[in-house]
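Structure, as structure tokens:
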Amino acid sequence: MPKLKRAILLVWQSAPRLTGIKVALIILQGILPLASLYLTKVVVDTLSASLTTPNQEAAFSQIMVLLAIAGIVILTTTLCESSANLVSTLQAQRVTDFMEGILHAKSIEVDLEHYEDAEYYDKLQRAQREAPSRPTQIVDRLTQIGKNSISLLAIVGLLLSFHWGMAGVLFVVAIPSVLVRLKFAKIMYRWQREKTSIRRRAGYYSALLTRDRVAKEIRLFNLGSLFSERFRQLRWQLYHESFTIATRRSAANLGAQALAGLIMFAAYGFVIHRTLQGILTLGDLALYHQAFKQGQGLINFSLRNKVYRAFVWNRSRS
């Protein structure tokens, strides 16, 4: 929690006005999808009822009004998304500049003896790679969680009104995937930390081959081919190891998604069965289908962010 508060404080200090605007947009984005979801149900129910009503013109007028409202909601949602993207772009630049300034100040303050320490260079490289963007990413995830939580609470309440088991299914289908993500987040953290020195060495070889400061010496002693080959070997090692981890992760994700798919289709079948029995209307069928689909996505996102935050905290300690 202290690191989380620190990240939020850094983002706020770098761009307070943009951060406030972004939070307001995120809250609005969390509410609008629920309105769109409910309007879908009303339109489908109204259309179904109009098939048997004698006053077709009145039914058509009602449907057109509902479609107009739905269009306004969609346009508002699009406007909010575009505005949020613009604010995020501006905010990211402000945060990056702010963090670069802090990093430069710390580099000036540090004792000269640290520049002879390989461990210091590893930490410095991680700071240079992570510090400018990490606070923004953390806050972005938190604001997304806040937006999704608003939508998720309403969706869970909706599903509970239909059948208590439907809300439980939402969480059950997400468990396999989050376990896979948690496992491989830890694996990737350990691997990236262990390979910092290799990345740094590869970066040195690349710098020696491309910068003008040592270009004459590289050619005088014919070191170009040697350094280039060492660079390729180091990068190939990183590629091979990351490929192995990615392959294992993809296989595990495939199994988790297959299991979740079976449970999800069983839940869909239950809703369809209740609709055929006349317990639910076609509008309810569309509503519950979309609610279940969106709820599953929201839960998966929230659980992924818990894994992400755990991964970030580990990296921030290093």
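In what follows, every heavy atom counts, from backbone to side chain, and hydrogens, waters and symmetry copies are set aside. Since the structure is predicted, the reported quantities are computational estimates derived from the model, not experimental observations.
With values rounded to the nearest 0.5 angstrom, Ser242 atom OG is found 9.0 Å from Arg249 atom CZ. Remark: Gln233 CD to Glu229 CD distance equals 4.5 Å, nearest 0.5 Å. Taken to the nearest 0.5 Å, the CG atom of Leu208 stands 11.0 Å off from the CZ atom of Arg230. Arg199 CZ to Leu234 CG: the interatomic distance, rounded to the nearest 0.5 Å, is 11.5 Å. For the atom pair CG of Leu25 and OG of Ser82, the computed distance is 10.5 Å after rounding to the nearest 0.5 Å. With values rounded to the nearest 0.5 angstrom, Leu18 atom CG is found 10.0 Å from Trp12 atom CH2.
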Worked verdict on Arg274 versus Asp284 for side chain to side chain contact (heavy atoms under 4.5 Å, CB included): CA-CA 10 Å; Arg274 298 295 291 270; Asp284 290 324; over 6 Å; no
Going through the distances and angles, do Phe60 and Ile63 end up as a side chain to side chain contact (heavy atoms under 4.5 Å, CB included)? CA-CA 5 Å; Phe60 177 75; Ile63 292 174; 5.6 Å; no
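Between Ile218 and Gly224, the shortest heavy-atom distance links the atoms CG2-N, 3.6 Å. Across Pro176 and Leu259, no two heavy atoms sit closer than the pair CG-CD2, 3.7 Å. When all heavy atoms of Pro16 and Ser14 are compared, the closest pair comes out as CD-C, 3.9 Å.
Met64 and Val44 are assigned to two separate hydrophobic clusters, defined by single-linkage of ILVMFWY side chains at heavy-atom distances under 4.5 Å. Criterion: ILVMFWY side-chain heavy atoms under 4.5 Å apart, direct or through other members. Under it, Ile72 and Leu67 are not part of a common hydrophobic cluster. Residues Leu79 and Leu28 fall into different hydrophobic clusters, defined by Ile, Leu, Val, Met, Phe, Trp and Tyr side chains chained together at heavy-atom separations under 4.5 Å. Linking Ile, Leu, Val, Met, Phe, Trp and Tyr residues whenever their side-chain heavy atoms come within less than 4.5 Å leaves Ile26 and Ile21 in two separate clusters. Note on Tyr205: it clusters hydrophobically with Leu220, by side-chain heavy-atom contacts below 4.5 Å among ILVMFWY residues.
Counting non-hydrogen atoms of other residues, nucleotides and ligands closer than 6.0 Å to CD of Glu217 gives a total above 12.
Looking only at distances, no side-chain donor or acceptor of Arg94 sits under 3.5 Å from a matching main-chain atom of Leu90. Under the 3.5 Å distance criterion, the side-chain polar atoms of Thr77 are matched with a main-chain donor or acceptor of Val73.
Side-chain atoms of Leu179 and Lys183, non-hydrogen and from C-beta on, never get closer than 4.5 Å to each other. A heavy-atom distance below 4.5 Å is found between the side chains of Leu238 and Trp191.
A side-chain donor from one of Arg232 and Ser228 sits under 3.5 Å from a side-chain acceptor of the other. Counted by atom type alone, Asp97 and Gln93 present one or more donor-acceptor pairs between their side chains at under 3.5 Å.
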With a 3.5 Å cut-off and sequence neighbours excluded, list the donor-acceptor pairs that the side chains of residues 29-42 form with protein atoms.
from  : atom 1 : to    : atom 2 : distance (Å)
Thr40 : OG1    : Ser36 : O      : 3.0
Lys41 : NZ     : Asp45 : OD2    : 2.7

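Counting Ile, Leu, Val, Met, Phe, Trp and Tyr side chains that sit under 4.5 Å apart, directly or through other members, Leu254 stands alone, with no cluster partners.
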